[in-house]
Structure formats: C-alpha cells, structure tokens
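The structure appears right after this line, and notes come after that.
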Amino acid sequence: QVQLAESGGGLVQVGGSLRLSCAASESTFTEYTMGWVRQAPGKEREFLGQISQSGRSTYIVNSVKGRFSMSRDNAKNTVYLQMNSLKLEDTAVYYCVASHGNVRISRPDYWGQGTQVTVSS
C-alpha cells in the first residue's frame, strides 16, 4: 500500500495563502489519482478535489474553486494543494488521499494522517 504524509499546515491569517504538500512512498506514484479532503471541527468530511495521474486534469469542488488549486510533481512523488484567499471557514484538518488507477475518487483507498490548517483573524 502507498503511504501518504502531509506537510505545510499551520496558522495563517484571513486572506493569506498556504501550500500543502503530500509526499507518497509509492514508487509507482503515477498509477494513482490523488486528491484532498478536509474535516472542520464538528463537521463531516468534505471532498475538495482530485488530480489525474499525469497532472494534466484537475477537478475542484465549487465551494473552493477559484481559491484552491492542485498540482503534482511525479518526479518527487508529491502532490500539492495551493490555498489562496483563505477564510475562517477553511480551518480544518486537511487529508491527502489516493486511489489506484484512473478513477473518480469517492471513497479513497488511502489516507494520510492529516495536517492542521488554522485561519485566524
């Protein structure tokens, strides 16, 4: 199985930016569709989007579209979540997720441990 490790979380002010990284252990990283999920305090998990195996196609949910974007560097086995114009409601634990193959991620096959993002005023 692939192991995922998020990093880059922390405290940021409203309107600021943050880039999260997710490093994968899998040597066949290009065989995975990658994505991001978040869970805010007291709320259910929210799927944010995914990026294709090649990185040439991304899908971002409407709630964060225009502010969040995804990219990947297959040479580094790493996927990124760029977050701009952060709002208080973006405070959550952010999880990197993966599914093997060219798929639409609904129930991810693999999860990282999560990284905390806290947006303050």
Side-chain angles (χ1 to χ4, degrees):
Q1 64 177 4
V2 63
Q3 294 181 339
L4 307 173
E6 303 94 335
S7 63
L11 180 65
V12 63
Q13 289 185 297
V14 170
S17 297
L18 205 61
R19 188 177 76 161
L20 306 183
S21 299
C22 173
S25 63
E26 178 59 53
S27 61
T28 56
F29 180 64
T30 56
E31 295 182 2
Y32 293 86
T33 298
M34 305 296 297
W36 290 89
V37 174
R38 70 182 180 185
Q39 187 165 25
K43 297 183 179 179
E44 295 185 349
R45 294 170 180 168
E46 180 185 17
F47 175 67
L48 298 176
Q50 63 182 63
I51 185 167
S52 65
Q53 296 166 309
S54 67
R56 290 192 287 269
S57 179
T58 60
Y59 168 75
I60 306 294
V61 299
N62 289 335
S63 60
V64 298
K65 192 173 185 179
R67 298 190 299 116
F68 290 12
S69 62
M70 296 179 191
S71 61
R72 65 192 290 167
D73 186 341
N74 288 338
K76 297 180 179 179
N77 287 0
T78 302
V79 64
Y80 305 95
L81 179 66
Q82 179 67 46
M83 304 183 293
N84 300 322
S85 301
L86 284 162
K87 304 175 180 179
L88 291 176
E89 54 263 41
D90 293 322
T91 294
V93 177
Y94 285 73
Y95 298 91
C96 176
V97 298
S99 290
H100 193 265
N102 180 27
V103 298
R104 179 187 295 273
I105 296 177
S106 54
R107 297 286 185 90
D109 296 328
Y110 303 99
W111 293 72
Q113 66 183 23
T115 186
Q116 176 71 46
V117 173
T118 302
V119 184
S120 68
S121 59

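Quick caveat, the model's predicted, so the values are computed rather than measured.
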Please check: side-chain N/O of Thr78 versus main-chain N/O of Ala23, any donor-acceptor pairing under 3.5 Å?
no

Walk me through whether Val117 and Met83 qualify under side-chain contact (heavy atoms from CB on, under 4.5 Å).
CA-CA 10 Å; Val117 173; Met83 304 183 293; 3.9 Å; yes

Whether Gln50 side chain and Val103 backbone form a donor-acceptor pair below 3.5 Å
yes

Per side-chain contact (heavy atoms from CB on, under 4.5 Å), Cys96 is matched among Leu20, Leu4, Thr115 by Leu4

Kindly give the heavy-atom pair with the smallest separation between Arg72 and Ser54, and that separation in Å.
CD-C, 4.4 Å

Under the side-chain contact (heavy atoms from CB on, under 4.5 Å) rule, what do Glu46 and Val37 come out as? Steps first, then yes or no, please.
CA-CA 6 Å; Glu46 180 185 17; Val37 174; 5.8 Å; no

side-chain contact (heavy atoms from CB on, under 4.5 Å) with Met34: which of Thr58, Val79, Val2?
Val79

What orientation do Tyr94 and Phe68 show, parallel under 30°, tilted 30 to 60°, or perpendicular over 60°?
tilted

What distance do Thr118 atom OG1 and Asp90 atom CG have between them, rounded to the nearest 0.5 Å?
11.0 Å

Which atoms form the tightest heavy-atom contact between Thr91 and Gln116, and what is the distance?
CG2-NE2, 4.0 Å

Considering all heavy atoms, the nearest Tyr95-Gly112 contact
CD2-O, 3.5 Å

Check the surroundings of atom CD in Glu89: do more than 12 heavy atoms from other residues, nucleotides or ligands lie under 6.0 Å from it?
yes

Which heavy atom in Ser120 sits nearest to a heavy atom in Leu11, and how many Å separate them?
OG-CD1, 3.7 Å

Taking atom CD as the centre, does Gln39 end up with more than 12 heavy-atom neighbours from other residues, nucleotides or ligands that are less than 6.0 angstrom away?
yes

Checking side-chain contact (heavy atoms from CB on, under 4.5 Å) for the pair Ile51/Trp36: CA distance, chi angles, key distance, verdict?
CA-CA 9 Å; Ile51 185 167; Trp36 290 89; over 6 Å; no

Hey, is the main chain of Gln113 close enough, under 3.5 Å, to the side chain of Glu6 for a donor-acceptor pair?
yes

So, the side chain of Asp73 versus the backbone of Tyr80: is there a donor-acceptor pair under 3.5 Å, distance only?
no

Interatomic distance, Tyr32 atom OH to Asp109 atom CG [nearest 0.5 angstrom]
8.5 Å

In Å and rounded to the nearest 0.5 Å, what is the CG to CD1 distance from Leu81 to Ile60?
7.0 Å

Evaluate side-chain contact (heavy atoms from CB on, under 4.5 Å) for Gln13 paired with Leu86, printing each intermediate quantity in order.
CA-CA 7 Å; Gln13 289 185 297; Leu86 284 162; over 6 Å; no

Minimum heavy-atom separation for Arg67 and Ser85, please, with both atom names.
NH1-O, 3.1 Å

N/O donor-acceptor pair under 3.5 Å between Ser99 side chain and Pro108 backbone:
no

For Asn77 and Phe29, indicate whether the former's side chain and the latter's backbone hold a donor-acceptor pair under 3.5 Å.
no

